[in-house]
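Below you'll find the structure, written out as structure tokens, and then a few comments.
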Amino acid sequence: MSDLARLGEARPGEAGLGDKGFGGMGFGDMGFGETIATRLTELAAVSDEAGRLTRLYLGPAHRKAADLVASWMREAGMSARIDAVGNVVGRYRARDSGPLTLMLGSHIDTVRNAGRFDGALGVVIAIEVVKAAFKSGKRFPFAIEVVAFGDEEGVRFASTLGGARALAGTFDLKALDEVGEDGVSRRQALVAFGCDPSRLSEEALSPDRVIGYVEAHIEQGPVLEKDDLPVGVVSAIDGITRGIVEVDGVAGHAGTVPMPMRSDALAAAAEMLIAIENRARSRPNLVATAGKIDVPGGTANTIPGLVRFTLDIRSPSDAERLKAVSDISETIAAIARSRGVTARFSVGHEVPAAHCDDGLSDQLAQAAETCGVTPRRLPSGAGHDAMAFDRIIPFAMLFVRCRGGVSHNPAEFASPGDIDVAACALSTFLDRIA
Ligand code: GLV
Ligand code: MN
Ligand code: MN
């Protein structure tokens with residue numbers, strides 16, 4: 001077995017197909033879990049990097065994954081197409097020619113060195129649930145669109161959720177000019193992917209024709225594991241401000257410039273990072289992360305003249321988040337002044353906290369109960385495609401228990417037994433709202 005195939009593998013004794021570890025009630029054995037786990041393994045092998053899973057938006061692996069997912073959609077009785085922004089859209093027609101559509105899905109782009117469940121799980125569960133309906137000849141009084149979004153992680157370009165925003169009708173066309181680290185613009189990347197960005201606005205959905213959007217996703221946190229629950233229903237998703245801090249100092253010789261005479265951009269950035277961490281630690285509902293730092297052109301014998309680091313600030317409270325952004329920007333400026341450098345925080349992505357629809361969430365919870373689980377409600381600290389639909393169409397999310405709360409890490413794992421419960425809940429949800 002390759003290292004890649006081993007990532008996220010079940011450990012001996014862990015819940016698998018047929019597992020009845022939750023009170024012996026018999027859920028977790030609908031027959032979906034192993035099939036979905038096998039498909040996730042297949043999808044995880046489609047990577048831009050050998051030996052680990054990295055599938056960036058509009059990259060070569062994303063293109064291959066989109067084709068693979070489209071083939072699974074067709075096998076599940078759907079028509080499938082790649083839209084103008086790189087989403088794979090599968091459509092399972094309604095029983096009659098009624099105008100309504102229910103959207104399901106998640107994303108197939110990943111972070112670098114990702115786990116195999118983040119995003120892909122929700123796409124594959126949705127396809128398998130539709131496939132089960134198709135195989136049994138079942139149609140619903142609404143069409144189902146399964147969407148495999150392509151731009152959820154925001155690794156390649158400054159803004160993110162482009163795929164979901166195009167459908168929501170809120171895509172800002174200025175984002176087409178964003179340029180990634182490889183020097184390629186979003187517009188150029190779309191064209192290379194085979195998309196026509198000039199048709200992007202045609203992808204916007206008609207809210208009066210859409211019942212809602214429902215997304216299954218690995219929890220990416222420890223709450224369900226702590227409560228010994230295979231699934232949970234999401235109450236709301238934290239708001240996010242993300243951008244780049246650029247610190248400009250003066251490059252100089254590491255051996256000749258006395259310490260008091262330096263304008264060291266990296267030392268200033270280090271002081272900023274500690275101050276940012278302290279600010280986030282001062283409030284219970286606030287997190288701040290610098291996930292990437294670069295010293296462009298840096299060498300061991302040069303005082304750093306330029307540093308860039310990413311900054312991602314989140315909270316369930318928009319007021320809390322915006323206050324933190326303002327305070328952190330002031331702190332960055334103050335540290336820069338005291339160290340004789342300049343610094344600027346440029347925001348590239350901003351999305352407010354988003355609240356899940358009570359009606360759809362209740363239906364999901366009741367569907368999970370039919371599958372033998374009384375799910376708890378929990379907030380999401382992670383961002384999701386669903387948040388782009390806030391105030392456009394109703395949306396709801398189902399979380400699947402995550403081993404150790406570990407995510408954005410190849411060790412990320414959800415058991416086939418828990419995945420089975422999620423698929424049962426989604427399939428029952430479709431029957432309920434039909
Ligand atoms: C996506 O995983 C995000 O929360 O940034
Ligand atoms: Mn995700
Ligand atoms: Mn993610």
Side-chain angles (χ1 to χ4, degrees), residues 7-8 40 43-44 47 52-57 61-62 65 69 87-88 104-126 147-165 213-221 223-224 232 234 236-244 280 286-292 310-316 321 347-354 356 378-390 395-402 405-414 419 422:
L7 301 177
L40 290 171
L43 196 50
S47 172
R52 60 186 209 159
L53 172 54
T54 299
R55 200 163 53 230
L56 302 194
Y57 177 46
H62 181 203
V69 165
N87 300 318
V88 192
L104 307 175
S106 192
H107 61 99
I108 55 170
D109 63 319
T110 73
V111 293
R112 293 197 168 91
N113 199 19
R116 68 180 52 195
F117 299 86
D118 178 358
L121 176 64
V123 173
V124 176
I125 288 183
V147 187
F149 293 101
D151 180 27
E152 194 268 359
E153 298 289 7
V155 178
R156 187 163 179 189
F157 299 107
S159 68
T160 187
L161 301 180
R165 282 177 167 166
Y213 170 69
V214 178
E215 175 167 357
H217 201 284
I218 188 165
E219 180 200 338
Q220 309 182 274
V223 173
L224 294 173
V234 177
I237 308 174
D238 287 4
I240 305 173
T241 300
R242 189 185 294 169
I244 304 253
L286 182 69
V287 290
T289 307
K292 189 167 183 293
T310 59
L311 185 53
D312 178 299
I313 301 170
R314 305 186 189 206
S315 173
R321 173 176 51 85
V347 173
H349 176 63
E350 179 126 54
V351 54
C356 299
L378 71 170
S380 173
H384 298 288
D385 295 289
M387 61 201 308
F389 297 115
D390 193 31
F395 71 89
M397 288 194 70
L398 185 70
F399 269 176
V400 182
R401 172 168 46 189
C402 170
V406 174
S407 186
H408 284 187
N409 181 322
E412 181 181 77
F413 181 77
I419 293 171

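Remember, it's 1-based here, ligands and their atoms both numbered in the order they're listed.
The atom name of the N/O/S atom in Glu153 closest to the Mn ion (ligand 3) is OE2.
The N/O atoms of Gly381, backbone and side chain alike, include none that comes under 3.5 Å of an N/O atom in ligand 1.
Between the NE2 atom of His408 and the OD2 atom of Asp118, the angle centred on the Mn ion (ligand 3) amounts to 90° when rounded to 10°.
Between the OG1 atom of Thr310 and the CZ atom of Arg242 there is a distance of 8.5 Å, given to the nearest 0.5 Å. Considering CD1 of Ile419 and CG of Leu40, their distance stands at 6.0 Å, rounded to 0.5 Å. In this structure, the separation between OG on Ser407 and CD on Glu219 is 10.0 Å, given to the nearest 0.5 Å.
For Arg314, every heavy-atom contact with ligand 1 shorter than 4.0 Å involves the side chain, none the backbone. No part of His107 comes within 4.0 Å of ligand 1, judged by heavy-atom distances. At a 4.0 Å heavy-atom cut-off, ligand 1 does not touch His384 at all.
Taking every heavy atom of Arg242 and a limit of under 4.0 angstrom, the matching atoms of ligand 1 come to 5 (O). Listed by number with element, the atoms of ligand 1 under 4.0 angstrom from any heavy atom of Gly383 are 1 (C), 3 (C), 4 (O).
Look at Glu152 and the Mn ion (ligand 3): no N/O/S atom of the residue is under 2.8 Å from the metal. Residue contact annotation: His107 places no N/O/S atom under 2.8 Å from the Mn ion (ligand 3).
In terms of heavy atoms, Arg116 sits closest to Ala44 at CB-CB, 3.7 Å. Contact record, Leu286 with Ile313: CD1-CG2, 4.0 Å, taken as the closest heavy-atom pair.
In this pair, His384 and His217 present their aromatic rings perpendicular. The plane angle is above 60°, beyond the 30 to 60° band. The aromatic rings of Phe157 and Tyr57 sit perpendicular to each other, their planes meeting at more than 60°, with 30° as the lower class boundary.
In this structure, Glu350 pairs ionically with Arg321, as a charged nitrogen and a carboxylate oxygen lie closer than 4.0 Å.
When His217, Gln220, Glu153 are checked for heavy-atom proximity to atom 1 (C) of ligand 1, Glu153 turns out nearest.
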